[in-house]
Amino acid sequence: MHADIGVGLVHRRLALVDLRERSNQPFWDATRRYCLLYNGEIYDYGEIQADLEKRGVAFRTTSDTEVLLEALIHFGVEETLPRLEGMFAFALYDAHEKSLVLARDRFGIKPLYVHDSEGAFAFASSANALRPWLDLRPDALTVSAYLQGFNGPMSGRSFFQDVSIVPPGSIVRVKLGGRARSTPCLTMHDLVDPDLAESLAGRPRNELVDQVEHLLLKSVESQLHADVPVGAFCSGGVDSSLIMAMAARFHGDLRVFHADVT
């Protein structure tokens, strides 16, 4: 927890990598200027750390939290976000500027709720966490849309009045006493490589199947690193069963769970 005039930051950590208290959040850099609150996992943090170490950055922990913080400091937010492979929602606090930068991954896997009003800005990974500071009242329009089968909101309006959801792939900036500004940064179109698509168009079907398998294996392997036991939920369908079979190639003690509610 961190508290200062006009600013309060608190975080409850689900520790997966570097379980020691040194990696707890809010996590500060060595100068005590920048602070990170972060929910998620960065799967390629090892590569980013190696790049930073080549530039002379020394690390105090083995966590992806510190790697993300140092990347944001040295590369900037706009340059760092496209490099991240993972799921995340984070807030970077600058104690000198009294400013916050919030960001959410392009798929919107990790939630990020904000309240922005005259003289007050609050954010959290769940709307319920804002309850001590806000009178959470249902947003009738959003609730009605959900009950009519339009699913729940991924961005924009939430189920509560005066609480919005940061859109996937967006950056929110706010200074103490000011109002927040939201801008898009990451899009699905960024993942499209026309040259790669053209090169694959003429390749035999069996080569394309092998390429897809290679990419799936690489993706699954990257998500198995943890300093705690690794488990997974298996629905019993083809997709989750395939992922579990791939994961078992790389992990000798994979714990798989299946729920039967019938």
Side-chain angles (χ1 to χ4, degrees), residues 9 11 14 16 25-27 34-49 51-52 64-94 97 99-116 121-127 129-130 139 142 145-146 150-160 162-175 178-197 215-216 218-220 222-223:
L9 303 172
H11 184 277
L14 173 62
L16 299 178
Q25 301 175 41
F27 188 91
Y34 297 101
C35 176
L36 181 69
L37 293 96
Y38 156 58
N39 176 27
E41 293 180 75
I42 306 300
Y43 304 129
D44 62 336
Y45 77 95
E47 300 171 19
I48 299 174
Q49 179 175 344
D51 188 7
L52 288 165
D64 57 344
T65 301
E66 184 176 16
V67 174
L68 176 57
L69 175 59
E70 293 295 340
L72 293 169
I73 294 172
H74 287 81
F75 302 137
V77 178
E78 284 79 2
E79 184 178 338
T80 298
L81 289 180
R83 300 184 59 172
L84 302 179
E85 295 181 9
M87 51 182 179
F88 58 85
F90 67 77
L92 176 67
Y93 175 60
D94 184 336
E97 299 288 337
S99 64
L100 273 170
V101 178
L102 284 69
R104 192 179 180 202
D105 65 72
R106 60 163 54 86
F107 295 103
I109 300 174
K110 291 300 182 181
L112 185 54
Y113 295 85
V114 297
H115 164 77
D116 183 27
F121 179 84
F123 67 94
S125 59
S126 71
L130 300 173
D139 184 287
T142 308
Y146 176 76
F150 293 99
N151 298 320
M154 278 289 292
S155 63
R157 301 172 72 112
S158 75
F159 287 117
F160 300 97
D162 302 320
V163 177
S164 60
I165 303 175
V166 175
S170 295
I171 297 174
V172 177
R173 299 179 185 275
V174 61
K175 280 194 172 185
R179 299 300 294 269
R181 296 181 295 106
S182 178
T183 56
C185 179
L186 303 173
T187 69
M188 295 295 290
H189 296 292
D190 299 334
L191 301 178
V192 177
D193 186 343
D195 295 332
L196 177 60
L215 293 174
L216 281 172
K218 181 180 178 182
S219 177
V220 171
S222 71
Q223 299 183 40

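The structure presented is a predicted model; accordingly, all values stated were derived computationally and were not measured. Worth knowing before you read on, the calculation uses all heavy atoms, side chains too, and leaves out hydrogens, waters and symmetry mates.
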Once you round to the nearest 0.5 Å, how far does [atom1] of [X] lie from [atom2] of [Y]?
X	Y	atom1	atom2	result
Y113	S158	OH	OG	7.0 Å
F160	D139	CZ	CG	10.0 Å
F90	T65	CZ	OG1	12.0 Å
L191	L196	CG	CG	12.0 Å
L72	L36	CG	CG	6.5 Å
L130	S125	CG	OG	9.0 Å

Taking side chain as C-beta onward, heavy atoms only, is [X] less than 4.5 Å from [Y]?
X	Y	value
L84	I48	yes
R173	L102	no
N39	F88	no
I165	L112	no
V101	I171	yes
I73	Y34	yes
I42	M87	no
K175	E97	yes

Legend entry - R179 atom CZ, neighbour heavy-atom count above 12 within 6.0 Å: yes

Legend entry - CD/E47: more than 12 non-hydrogen atoms of other groups inside 6.0 Å: no

Inset, instruction - Answer yes or no: is there an ion pair linking R83 with D44, defined by an N-O contact shorter than 4.0 Å? - result: no

Legend entry - Salt-bridge present (E85, R106; N to O < 4.0 Å): no

Check for a donor-acceptor pair, side chain of [X] on one end and backbone N or O of [Y] on the other, with a separation under 3.5 Å.
X	Y	result
H115	D162	yes
S99	V174	no
T80	V77	no
H11	Y38	yes
R104	S170	no

Heavy-atom closest pair, residues [X] and [Y]:
X	Y	value
A71	L52	N-CD1, 3.8 Å
Y45	V67	O-CG1, 3.5 Å
C185	D190	O-OD2, 4.0 Å
G40	K110	CA-CE, 3.8 Å
A180	D116	N-OD2, 3.2 Å

Inset, instruction - Say whether Y43 and D64, considering side chains only, have a donor N or O and an acceptor N or O under 3.5 Å apart. - result: no

